[in-house]
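FYI, side chains are in, hydrogens and waters are out, and symmetry mates aren't considered; it's all heavy atoms of this structure.
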There are 2 protein chains.
Amino acid sequence: MSPEENPVPPAAPGAKKRLSREIVLSAALALVDSEGLDALTMRRLGQQLGRDPMGLYRYAENRAALLDGVSELVLNELAIFPDDPDWQAQLRRIAHDLRDLALRHPNVVPLLVTRPLSTPLGLRPLGTLRPLEQILSLLIDAGFAPADALHVYRAYYGYLYGHILNELQEFIVDPDENEALLRLGLHRLPPKDFPRLRALAPVLADYDGMAELDEGITILLSGLAARLSPEA
Amino acid sequence: MSPEENPVPPAAPGAKKRLSREIVLSAALALVDSEGLDALTMRRLGQQLGRDPMGLYRYAENRAALLDGVSELVLNELAIFPDDPDWQAQLRRIAHDLRDLALRHPNVVPLLVTRPLSTPLGLRPLGTLRPLEQILSLLIDAGFAPADALHVYRAYYGYLYGHILNELQEFIVDPDENEALLRLGLHRLPPKDFPRLRALAPVLADYDGMAELDEGITILLSGLAARLSPEA
DNA sequence: TAAACGTCTCTACAATGTAGACTTTAGGCG
DNA sequence: CGCCTAAAGTCTACATTGTAGAGACGTTTA
């Protein structure tokens with residue numbers, strides 16, 4: 001999360017191979033992962049690749065498209081098996097995988113969450129829509145009516161994204177200093193106005209995101225199953 | 001959502017009153033609401049207020065702080081009554097209120113969701129933390145153990161934010177053209193790869209966000225209540 | 001070899017955030 | 001009333017950004 005760690009080595013200056021969309025996007029992702037979203041400028045990325053910044057426009061129309069490409073790249077790391085007969089297990093696994101993904105690429109999460117807000121559903125990068133399609137498939141194959149599948153998907157994905165945001169928001173850089181840092185921050189809060197929050201400092205400090213996610217998913221899935229049960 | 005509607009009138013040129021943080025932030029919010037996040041530049045905001053852009057730095061350290069201020073301003077529109085004895089009803093009402101807020105200020109949602117990711121919990125603008133504190137208070141007063149209250153809060157707020165993101169992502173500008181636009185977008189998708197999604201076009205077109213939210217909340221709250229019941 | 005095309009580079013420009021010095025205004029004290 | 005100080009507002013200047021447009025280069029085809 002700290003935006004200036006592990007600067008990426010500026011280029012393999014000898015190996016000036018032909019560029020490709022893959023290469024450009026991978027470099028962009030590496031840059032974002034290691035130095036944060038703001039570090040992803042055209043010039044900087046060009047420099048990483050040992051190329052003139054202008055060349056990048058051959059592989060992404062503009063900076064926004066580049067960001068979309070990075071989102072897509074990350075989402076492609078997510079494997080979904082739409083043929084699993086146990087839909088609940090599958091959704092639970094996906095949830096954990098997506099959480100891992102988010103923890104692995106925390107700087108990309110704002111993109112995942114924000115970019116779709118400026119692009120109507122039908123015009124998003126295809127890679128971005130694949131999880132939706134596949135989960136629908138999973139649910140429909142499991143016996144849900146298509147419209148119900150959509151409802152399940154929405155509740156599920158909504159909660160999932162929400163959880164990830166929550167968890168990243170409470171994420172603190174150095175896990176050893178967790179509690180200290182946290183207390184430090186909380187100490188700033190006026191005790192009169194924030195007694196509950198301050199009292200919870202220790203609990204906040206050892207947040208088990210995985211367990212929390214799992215519980216929420218359990219509640220949601222069983223609730224959803226009870227309400228809109230697949231006919232299977 | 002369309003970023004260039006309703007341009008704000010450039011200033012009341014006669015009435016050059018003394019500025020204040022409130023005034024600046026309100027103008028910023030108005031700008032964001034009417035023309036989108038990108039329109040909020042220092043120069044533009046200065047122009048709206050009939051002042052030199054540099055003057056704004058008296059009221060916000062830098063652009064990021066300005067964005068935080070806008071978030072805070074919006075969240076202040078949310079009323080929470082931590083003394084309501086019926087915690088479930090209260091949480092349900094808050095959920096609907098927050099959803100309304102998001103629909104009223106869609107361009108601010110990315111801020112609400114994104115800014116906290118770059119600020120450790122203890123250092124956020126106080127207005128931003130108030131909902132957390134108050135909901136904790138509500139739950140603890142209702143009989144939850146503090147640690148359980150935190151869990152409930154996390155599941156609840158997680159789902160709530162997730163839902164809002166979902167809903168805004170499916171939001172289409174002109175409600176009359178909803179279906180047409182949507183189909184248009186979806187038509188672009190290769191039928192082989194996205195059969196489910198394409199088939200669901202009509203269902204996607206009449207999304208009832210309020211009902212969907214309410215259902216999800218019901219499931220979550222009753223699930224949570226069953227698992228971690230207040231001793232009351 | 002010549003032509004044609006896709007790839008990459010160079011130069012240039014308008015827009016942005018913001019530092020630092022200056023000017024103006026408002027209010028308190030003689 | 002007249003000054004003085006601090007706050008509020010303004011001006012100028014600069015580094016950094018995205019990206020347009022013209023050209024150079026290299027590789028493949030005729």
Side-chain angles (χ1 to χ4, degrees), chain A residues 3-4 7-8 10-29 31-32 35-71 107 110-111 114-115 118-119, chain B residues 3-4 7-8 10-29 31-32 35-71 107 110-111 114-115 118-119:
Chain A
E4 302 93 355
V8 187
K16 261 194 160 190
K17 308 200 60 165
R18 188 71 137 277
L19 284 190
S20 75
R21 186 148 210 272
E22 316 285 305
I23 297 182
V24 171
L25 291 183
S26 298
L29 175 56
L31 201 49
V32 171
E35 306 186 44
L37 266 183
D38 292 343
L40 181 53
T41 71
M42 298 313 244
R43 293 179 222 268
R44 186 70 203 288
L45 181 54
Q47 170 182 335
Q48 292 296 327
L49 294 164
R51 287 300 197 309
D52 186 283
M54 281 302 122
L56 303 174
Y57 287 91
R58 216 140 300 261
Y59 305 99
E61 283 216 343
N62 48 38
R63 186 165 186 268
L66 214 167
L67 296 179
D68 281 337
V70 172
S71 293
N107 296 333
L111 289 187
T114 272
R115 294 284 320 151
S118 14
T119 326
Chain B
E4 301 92 356
V8 186
K16 262 195 158 190
K17 310 198 60 166
R18 187 70 139 278
L19 285 189
S20 74
R21 186 148 209 273
E22 317 284 306
I23 296 181
V24 171
L25 291 183
S26 299
L29 175 56
L31 200 49
V32 171
E35 306 187 43
L37 266 183
D38 293 344
L40 181 53
T41 70
M42 297 313 243
R43 293 178 222 266
R44 186 72 204 285
L45 182 53
Q47 169 183 335
Q48 292 296 327
L49 293 164
R51 289 299 198 311
D52 186 283
M54 281 301 124
L56 303 175
Y57 288 91
R58 295 245 171 229
Y59 305 98
E61 283 216 343
N62 46 40
R63 186 165 185 267
L66 214 167
L67 296 179
D68 281 336
V70 172
S71 292
N107 296 333
L111 288 186
T114 271
R115 293 285 321 151
S118 14
T119 326

### Query
Where the side chain of R51(B) meets the backbone of G46(B), is there a donor-acceptor pair that is under 3.5 Å apart?
no

### Message
Can you tell me which nucleotide in dT10(D), dT11(C), dT17(D) comes closest to the side chain of T41(A)?
### Response
dT17(D)

### M54(B) side chain, from C-beta outward: closest of dA20(D), dA8(D), dT12(D)
dT12(D)

### Distance, rounded to the nearest Å, where M42(B) contributes CE and dT12(D) contributes C1'
17 Å

### Polar pair under 3.5 Å, donor/acceptor by atom type, side chain R58(A), base dG6(C)
no

### Message
Are L111(A) and V32(A) packed together at the side-chain level, in the sense that at least one heavy-atom pair is separated by less than 4.5 angstrom?
### Response
no

### Message
Is the shortest side-chain heavy-atom distance between R58(B) and V24(B) below 4.5 Å?
### Response
no

### Message
So L67(A) and L37(A), do their side chains get closer than 4.5 Å, heavy atoms only?
### Response
yes

### Query
Atom CG of L66(B) to atom P of dG17(C): distance rounded to whole Å?
10 Å

### Query
Considering only dC8(C), dA8(D), dT11(C), which nucleotide approaches the side chain of R51(A) most closely?
dC8(C)

### Task
Return the value, rounded to whole Å, for the distance between atom CD of Q47(A) and atom C1' of dG18(D).
16 Å

### Summary
Side-chain atoms of Y59(A) come closest, of dA26(C), dC8(C), dA12(C), to dC8(C)

### Task
Could you tell me the separation between the CZ atom of R43(B) and the P atom of dT16(D), rounded to a whole number of Å?
16 Å

### Query
How close or far is atom P of dA19(C) from atom CG of N62(B), stated in whole angstroms?
8 Å

### Task
Take atom CG of D52(A) and atom C1' of dA12(C), then tell me their distance rounded to the nearest Å.
13 Å

### Query
Over how many whole Å does the gap from R63(A) atom CZ to dA15(C) atom C1' extend?
15 Å

#### Entry: Expected output: side-chain R63(B) to main-chain L40(B) donor-acceptor under 3.5 Å
yes

### Query
According to a strict under-4.0 Å criterion, is Y57(B) in side-chain N/O contact with OP1 or OP2 of dA8(D)?
no

### Spacing between L67(A) atom CG and dT19(D) atom P, to the nearest angstrom
10 Å

